[in-house]
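Hydrogens, waters and symmetry mates are skipped; everything else that's a heavy atom, side chains included, is used.
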Amino acid sequence: MSEEKEFISSPISPQNGSVIWEAPSNIALVKYWGKYGNQLPQNPSLSFTLSSCSTTTKLVYSERENHSDAFSFSFEFEGKKQASFHQKIEQFFARILPYCPYVKTHHFAISSSNSFPHSSGIASSASSMCALALCIVSLEKKANPSMSDAFFLQKASFLARLGSGSAARSVQGPLMSWGHSTAIAGSSPLFGTQITQDIHPIFHDFQDSILIIDKGQKKVSSTLGHQLMENHPYAQTRFTQAEENLLKLTEVLKKGDLDTFISIVESEALTLHALMMASSPYFILMKPETLSVLNAIWDFRQQTNIPVCFTLDAGANVHVLYPKANSVQVLEFIETNLKRFCENGQYIEDQVGSGAIKH
C-alpha cells in the first residue's frame, strides 16, 4: 500500500499556465460515517460515480515574487467573487502543503461552476475538491512529465480526501471504494480505489434520479456528524457491518443480483440515519417528505416488481436508483407520485459515470 510520504513532491521550478478539470459527484452505496486522524475513514465505503452532477474548475497559476506565510489565491464561483469559500480553500492548502510545497510559491486564480444549481441542496464538496485537487496535481505533472497516469490519479484522490473525505471517490468511475477492505485489492484509507473487477452489465448504465426534498442548509453538518461517531455506542458494530456489507456488495455487483443489491443499499441508507438519531446529541436530517418518498418507493416496487430502490446522503434528499431498462416506468412514477414531495417539484436525472475529465 502506498504511504503518505510517497505523495510528498520534490521541489519543482515555478510554473505559469492554466488547466481545467471537470469532476463528478458520487453517491455512496456503502456509507462511511466517522473518521480519525487526517481525514481517514473509520470504515470502508463504496460508491457509484455520477455523470451529470459535476463541478468544473479552472486554475490559472503563476509564479509568486514574494513567498509570504499566507497563501495567494482568488476564487470565483460562477463568475462572482466568493469570499465565503476562502476559509475552506485556505484550510485545504494548509493540509496539502506538506505534499505540495509549491502551493506557497504560486498564485492561484480559481474559478468554479456546477452543472447543478448551487441552491439545489446537493452537496458539491466532493466534486469541487476533486476538481481542484486534479488541477493542483496537473501543475506538478507539468513540471514532472514522467509522473505516471496511475500515480497522478492516486495523488489527486489523496489530496481531494484532505479537502472532503468523499472527494477521494470522485476521481474515477464507475465504482470507487475508499478505506481498506479485504474485498478490494489495493484499497487504502489514503485515497480512493477504482473497482476493476468484472461488473455485471446491468450496473454499467444504472440510473440515479435525485429528488430535491430540501434545499436548505443542514442543521447539523456532516463534519459534526462524523465527530459524533467518536463516542457513539454503536460505532464498532457499525464499522464491522460496513465491511461485511462491502464484501457482500462486491459479489452482488459481479452477479447482477438486484434483490440483494436493493437490500444492502437501502439498509445502508437507513443505518446512516439511524446512527444520527442514536448520537449524543441526537439529530434527524430526514424530512416528513423523505419518509413519504421511501414508503412510496416500497409500495411501487411491491406492486410492479420493478427493481427500483433508494439511498440517502447525509441530508433529506433521496437518490432513486434503477436499471436503465426501467427508466420509462420509473420516471413516470417520479412524475406522477414522487415529484409532489420535492421542493418546487425539482429533481435531477443522472446516471453512473466514468470519472473526471480534463478539458
Side-chain angles (χ1 to χ4, degrees), residues 17-26 35 38-39 50 52-62 64 68-140 156-171 210 212 214-227 313-315 317 348 356-359:
S18 64
V19 63
I20 300 173
W21 275 94
E22 179 184 353
S25 296
N26 68 77
K35 54 189 176 183
N38 198 9
Q39 292 281 95
L50 298 182
S52 299
C53 291
S54 63
T55 299
T56 299
T57 296
K58 180 178 182 179
L59 183 74
V60 180
Y61 48 91
S62 55
R64 288 177 70 183
S68 65
D69 289 337
F71 298 104
S72 177
F73 66 92
S74 62
F75 179 76
E76 288 186 356
F77 180 73
E78 299 188 344
K80 298 179 181 178
K81 292 189 180 299
Q82 294 282 355
S84 59
F85 285 79
H86 277 229
Q87 184 177 358
K88 185 162 189 176
I89 295 172
E90 200 162 89
Q91 182 185 53
F92 175 61
F93 284 161
R95 285 178 176 172
I96 70 172
L97 180 61
Y99 313 100
C100 309
Y102 49 85
V103 295
K104 271 287 183 72
T105 59
H106 289 82
H107 171 76
F108 298 112
I110 309 163
S111 53
S112 187
S113 62
N114 291 340
S115 65
F116 49 91
H118 179 58
S119 60
S120 65
I122 297 180
S124 61
S125 57
S127 55
S128 60
M129 284 298 169
C130 181
L132 181 55
L134 285 158
C135 288
I136 295 288
V137 186
S138 292
L139 186 164
E140 184 178 332
S157 178
F158 173 88
L159 297 181
R161 183 202 95 231
L162 296 174
S164 172
S166 59
R169 300 190 308 249
S170 279
V171 175
I210 307 164
I212 310 302
D214 184 15
K215 297 180 182 180
Q217 187 168 356
K218 293 180 293 188
K219 293 181 179 179
V220 177
S221 70
S222 295
T223 299
L224 177 58
H226 284 293
Q227 291 172 355
D313 56 14
N317 299 330
I348 296 171
I357 302 168
K358 187 178 181 182
H359 290 284

Taking all non-hydrogen atoms of both residues, which atom of [X] and which atom of [Y] are closest, and how far apart?
| X | Y | answer |
| --- | --- | --- |
| A70 | R64 | O-NH1, 3.0 Å |
| L134 | A356 | CD1-CB, 3.4 Å |
| A156 | V171 | C-CG2, 4.3 Å |
| Q39 | G165 | NE2-N, 3.5 Å |
| A133 | A160 | CB-N, 3.6 Å |
| R161 | N38 | NH2-O, 2.7 Å |

Atom [atom1] in [X], atom [atom2] in [Y]: separation rounded to 0.5 Å?
| X | Y | atom1 | atom2 | result |
| --- | --- | --- | --- | --- |
| F85 | F92 | CZ | CZ | 14.5 Å |
| L132 | L59 | CG | CG | 6.5 Å |
| L159 | C135 | CG | SG | 12.0 Å |
| S170 | E22 | OG | CD | 11.5 Å |
| Q227 | S221 | CD | OG | 7.0 Å |
| S111 | I20 | OG | CD1 | 7.5 Å |

Query raised in the report: Does S125 have any side chain to side chain donor-acceptor pair (under 3.5 Å) partners at least two apart in sequence or in another chain, and if so, which?
Result: S164

**Report entry** For S128, side chain to side chain donor-acceptor pair (under 3.5 Å) partners two or more places apart
**Finding:** none

Got [X] and [Y] here, is their nearest side-chain heavy-atom distance under 4.5 Å?
| X | Y | result |
| --- | --- | --- |
| I136 | F93 | yes |
| I110 | T57 | yes |
| K58 | V60 | yes |
| C53 | I348 | yes |
| L139 | F108 | yes |

Query raised in the report: Which of these passes side chain to side chain contact (heavy atoms under 4.5 Å, CB included) with S54: S115, C130, S25?
Result: S115

Would you say [X]'s side chain and [Y]'s backbone share a donor-acceptor pair under 3.5 angstrom?
| X | Y | result |
| --- | --- | --- |
| S157 | A168 | yes |
| S124 | S127 | no |
| Q82 | F75 | no |
| N317 | D214 | yes |

Query - Residue pairs involving residues 79-88 (criterion salt bridge (charged side-chain N to carboxylate O under 4.0 Å, His left out); sequence neighbours excluded) - result: E76-K81

Query - Qualifying residues under ring-ring contact (aromatic ring centres under 6.0 Å, His included), relative to H86, sequence neighbours excluded - result: F73

Query - Pairing residues for Y61 by the ring-ring contact (aromatic ring centres under 6.0 Å, His included) criterion, not counting sequence neighbours - result: none

Which pairs of donor and acceptor atoms, one on a side chain in residues 94-105, lie under 3.5 Å apart (sequence neighbours left out)?
from: R95; atom 1: NH1; to: L162; atom 2: O; distance (Å): 2.7
from: Y99; atom 1: OH; to: E4; atom 2: OE1; distance (Å): 2.5
from: Y102; atom 1: OH; to: E140; atom 2: OE1; distance (Å): 2.7
from: K104; atom 1: NZ; to: D69; atom 2: O; distance (Å): 3.0
from: T105; atom 1: OG1; to: Y102; atom 2: O; distance (Å): 3.1

